[in-house]
Amino acid sequence: GAGVSQSPRYKVAKRGQDVALRCDPISGHVSLFWYQQALGQGPEFLTYFQNEAQLDKSGLPSDRFFAERPEGSVSTLKIQRTQQEDSAVYLCASKTNTGELFFGEGSRLTVL
Amino acid sequence: GDSVTQMEGPVTLSEEAFLTINCTYTATGYPSLFWYVQYPGEGLQLLLKATKADDKGSNKGFEATYRKETTSFHLEKGSVQVSDSAVYFCALSGRDGGFKTIFGAGTRLFVKA
């Protein structure tokens with residue numbers, strides 16, 4: 001597609017529910033990043049894929065967070081047993097070989 | 001580890017005023033430096049970048065110079081417009097950080113007519 005597409009744009013979950021957030025990157029971009037952005041803060045790195053390989057997951061805040069990109073294109077960020085502190089905007093970005101990140105519009109998660 | 005510090009906002013200016021948003025960084029090696037912008041209701045997008053010391057990135061009237069001696073990458077614009085109202089993020093990406101991009105906290109700019 002023309003840009004990075006994320007779905008859903010908005011998600012409200014009850015505490016303890018599992019959620020799955022989808023990212024469809026720009027076609028041909030091998031690098032894909034997930035970030036978490038709390039209100040009024042900058043994006044915080046979660047994890048990074050090159051093709052289907054997850055090369056860095058050092059930013060995932062707990063083992064409730066899991067990301068995959070099985071065919072090297074679409075990626076899914078899954079959060080199990082959501083907690084209120086998981087409320088944030090989750091951003092996906094794909095990266096060119098010149099280092100520029102192209103961001104999706106984000107998925108805003110609210111955990112009640 | 002690598003980090004970025006930028007001036008807190010909000011910054012409020014009148015149209016045609018001069019803008020400076022300060023950004024300093026901590027990194028080993030020679031990272032690439034970026035300014036990203038987030039307009040209301042839109043996703044983050046690259047504004048400008050510089051990849052080595054003394055490089056100047058520029059776009060849409062904005063400029064920033066990569067200063068290794070002061071580890072800074074301040075954003076400037078000579079005459080702001082109402083349409084420049086947005087949140088601006090300074091960022092870096094370097095080999096030692098595994099090439100992930102690290103962002104500052106963002107600076108919100110309001111420009112009034």
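Chain naming here is simple, since letters A, B, ... match the order of the sequence lines and numbering starts at 1 in each. The figures here come from the full heavy-atom set of this structure, side chains too, leaving out hydrogens, waters and symmetry mates.
Heavy atoms of A:Ser58 lying under 4.5 Å from chain B belong exclusively to its side chain. With a 4.5 angstrom heavy-atom cutoff, B:Thr101 touches chain A via backbone and side-chain atoms both. In this structure, no portion of A:Leu55 lies under 4.5 Å from any heavy atom of chain B.
Under a hydrophobic clustering in which Ile, Leu, Val, Met, Phe, Trp and Tyr are joined whenever their side-chain heavy atoms come within less than 4.5 Å, directly or via other members, A:Leu21 and A:Phe66 fall into different clusters. Connection of A:Phe65 to A:Leu32 is established within a shared hydrophobic cluster, with ILVMFWY side chains joined at heavy-atom distances below 4.5 Å, either directly or through further cluster members.
Residue A:Glu52 holds its CD atom at 11.0 Å from OG of A:Ser73, rounded to the nearest 0.5 Å. To the nearest 0.5 Å, atom NZ of residue A:Lys57 and atom CZ of residue A:Phe49 are 9.0 Å apart. Summarising the geometry, atom CZ belonging to A:Phe33 is positioned 12.0 Å from atom SG belonging to A:Cys23; distances are rounded to the nearest 0.5 Å.
Chain A is approached within less than 4.5 Å, heavy atom to heavy atom, by B:Gln38, B:Gly43, B:Leu44, B:Leu46, B:Lys49 from residues 38-67 of chain B, ordered by number. Using a 4.5 Å cut-off between non-hydrogen atoms, no part of residues 79-89 of chain A approaches chain B. Residues of residues 99-112 of chain A having a heavy atom under 4.5 Å from any heavy atom of chain B, listed by number: A:Gly99, A:Glu100, A:Leu101, A:Phe103, A:Gly104, A:Glu105.
Between the side chain of B:Thr71 and the main chain of B:Lys68, no donor-acceptor pair closer than 3.5 Å is present.
For the salt bridge (Lys or Arg N to Asp or Glu O under 4.0 Å) test, residues two or more places apart in sequence or in another chain that qualify with B:Lys77 are B:Asp84.
A:Tyr48 and A:Gln50 share a side-chain donor-acceptor pair at under 3.5 Å. Between B:Glu8 and B:Thr107, the side chains place no donor N or O within less than 3.5 Å of an acceptor N or O (distance only, hydrogens not considered).
In terms of heavy-atom pairs under 4.5 angstrom with chain B, the leader among A:Glu44, A:Gln6, A:Lys95 is A:Lys95. In terms of heavy-atom pairs under 4.5 angstrom with chain B, the leader among A:Gly59, A:Gly42, A:Ala93, A:Ala38 is A:Gly42. Of all the listed residues (B:Gly104, B:Cys90, B:Ala105), the one sharing the greatest number of non-hydrogen pairs under 4.5 Å with chain A is B:Ala105.
Two rings, from B:Tyr25 and B:Phe73, have their centers 6.0 Å or more apart. For an aromatic pair to be called close, the ring centres must be under 6.0 Å apart, and B:Phe89 with B:Phe34 fails this.
Checking A:Leu77, A:Leu91, A:Leu60 one by one against A:Trp34, the side-chain contact (heavy atoms from CB on, under 4.5 Å) holds for a single residue, A:Leu77.
In this structure, the side chains of B:Gln6 and B:Asn22 stay at 4.5 Å or more apart for every pair of heavy atoms.
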Would B:Phe103 and B:Tyr36 count as a side-chain contact (heavy atoms from CB on, under 4.5 Å) here? Give the steps.
CA-CA 9 Å; B:Phe103 289 84; B:Tyr36 282 82; 3.7 Å; yes
May I have the step-by-step check of side-chain contact (heavy atoms from CB on, under 4.5 Å) for B:Asp2 and B:Leu92, ending in yes or no?
CA-CA 8 Å; B:Asp2 294 356; B:Leu92 68 81; 3.8 Å; yes
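Salt bridge present: B:Lys100 and A:Asp56 bring a charged side-chain N and a carboxylate O closer than 4.0 Å.
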